[in-house]
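Taking it in order: structure first as structure tokens, then the write-up.
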Amino acid sequence: MAKIFQVSARAGMTRVVEPIARALLRAGVTPNAVTVAGTVGVLVGALGFGARGHLVAGALIVTVFALTDLLDGTMARMSGGSTKFGAFLDSSMDRVADSAVFGAVAYWLATENNYSGVAAALVCLAAGSLVSYVKARAEGLGMTCNVGIAERTERLLIVGVGGILTGVGLDPALEVALWLLAAVSIFTVGQRMTHVYRQAQQLQPNGQA
């Protein structure tokens with residue numbers, strides 16, 4: 001099944017950020033520095049704005065700095081490929097940023113006494129972490145797991161759109177977006193586990209995973 005954010009769109013974004021990536025590399029900026037800066041920016045947007053109810057500003061700041069996830073990868077490719085530490089740092093910072101985003105959303109919804117929304121945000125946080133863990137664990141075991149309709153870009157896009165719509169007056173939008181995101185995240189976990197199970201069956205001589 002195709003991802004929500006199609007490969008063609010990702011390729012288009014890559015072409016947009018390539019000139020920025022080249023300029024940063026010429027200036028001596030490393031991919032790891034961009035990774036850390038992007039995470040700090042997401043933390044500012046999520047905790048400094050989103051958690052205080054400034055949803056439009058928070059969503060826009062988070063979206064801008066979340067795009068550094070594409071920028072640092074492009075920079076790494078241009079400079080000869082990602083290092084093992086670079087890949088480790090990028091994955092770790094992604095988890096920090098995601099936790100800040102959904103933690104901030106859950107906090108703000110709790111201040112609004114929207115406990116259904118809080119539950120949805122916590123499900124999104126847990127399911128999103130599991131989406132990433134399943135892939136990392138599969139790859140650690142020598143299998144591939146690049147499947148699923150809702151990867152990190154899709155998850156941040158959905159919650160960002162919900163936050164902006166709520167911020168401009170469509171109050172139910174964020175809660176609806178969170179429950180939608182919770183559903184597609186859980187579905188993605190199922191997709192990835194099924195994909196890994198099928199690979200494991202093929203690797204076992206007796207057909208048992």
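From a predicted model like this one, the values you see are computed outputs, not experimental measurements.
Applying the salt bridge (Lys or Arg N to Asp or Glu O under 4.0 Å) test to residues at least two apart or on different chains, the pairs with a partner in residues 21-48 are Glu18-Arg22. Applying the salt bridge (Lys or Arg N to Asp or Glu O under 4.0 Å) rule to pairs touching residues 91-117 yields Asp94-Arg152, Arg95-Asp98, Asp98-Arg152, Asp98-Arg155, sequence neighbours excluded.
Partners of Arg137 according to the salt bridge (charged side-chain N to carboxylate O under 4.0 Å, His left out) rule, which considers only residues two or more places apart in sequence or in another chain, do not exist here. Legend: residues meeting side-chain hydrogen bond (donor to acceptor under 3.5 Å, both in side chains) with Asn114, ordered by chain and number and at least two apart, are Glu175. Listed by chain and residue number, Val105, Ala106, Leu178 satisfy the side-chain contact (heavy atoms from CB on, under 4.5 Å) test with Ala121 (two or more places apart in sequence, or in another chain). By the side-chain contact (heavy atoms from CB on, under 4.5 Å) test, Thr144 is found to be paired with His195, Gln199, residues two or more places apart in sequence or in another chain being considered. In terms of the side-chain contact (heavy atoms from CB on, under 4.5 Å) criterion, residue partners of Ser92 (sequence neighbours excluded) are, by chain and number, Phe88.
Listed by chain and number, the hydrophobic cluster partners of Val134 are Leu130, Val131, Tyr133, Val189, Met193, where partners are ILVMFWY side chains within reach of under 4.5 Å, directly or through others.
Residue Leu60 is not grouped with residue Val101 when hydrophobic side chains (ILVMFWY) are merged at heavy-atom distances under 4.5 angstrom, including chains of intermediate members. Placement of Leu180 and Leu109 within a single hydrophobic cluster is found when ILVMFWY residues are connected by side-chain heavy-atom separations under 4.5 Å, directly or transitively. Following chains of ILVMFWY side-chain contacts shorter than 4.5 Å, one can reach Phe187 starting from Leu156, so the two form part of one hydrophobic cluster.
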Under 3.5 Å donor-acceptor pairs involving side-chain atoms of residues 32-53, not counting sequence neighbours:
unit_1 : atom_1 : unit_2 : atom_2 : d
Thr35  : OG1    : Pro31  : O      : 3.0
Thr35  : OG1    : Asp72  : OD2    : 2.6
Thr39  : OG1    : Thr35  : O      : 3.0
Arg52  : NH1    : Gly48  : O      : 3.2

Got a list of side-chain donor-acceptor pairs under 3.5 Å for residues 158-172, not counting sequence neighbours?
unit_1 : atom_1 : unit_2 : atom_2 : d
Thr166 : OG1    : Gly162 : O      : 3.1
Thr166 : OG1    : Leu170 : O      : 3.4
Thr166 : OG1    : Asp171 : O      : 3.4
Thr166 : OG1    : Leu174 : N      : 2.8

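Closest of all the heavy-atom pairs between Val196 and Cys145 is CG2-SG, 3.8 Å. Here the closest heavy-atom approach between residue Val118 and residue Ala110 is recorded as CG2-N, 3.5 Å.
Leu67 is not listed as a side-chain neighbour of Val17, based on a closest heavy-atom distance of 4.5 Å or more. Using a 4.5 Å cut-off on side-chain heavy atoms (C-beta onward), Ile186 and Val123 make contact.
Rounding to the nearest 0.5 angstrom, the gap separating the CG atom in Asp69 from the CG atom in Asp90 is 5.0 Å. Between Leu157 atom CG and Leu181 atom CG the span is 10.0 Å, to the nearest 0.5 Å. One distance of note links CZ of Phe65 with CG of Leu71; it measures 11.5 Å at 0.5 Å rounding.
A side-chain donor-acceptor contact under 3.5 Å links Gln191 to the backbone of Ile149. Judged by distance alone, the side chain of Thr188 and the main-chain N or O of Val184 form a donor-acceptor pair under 3.5 Å.
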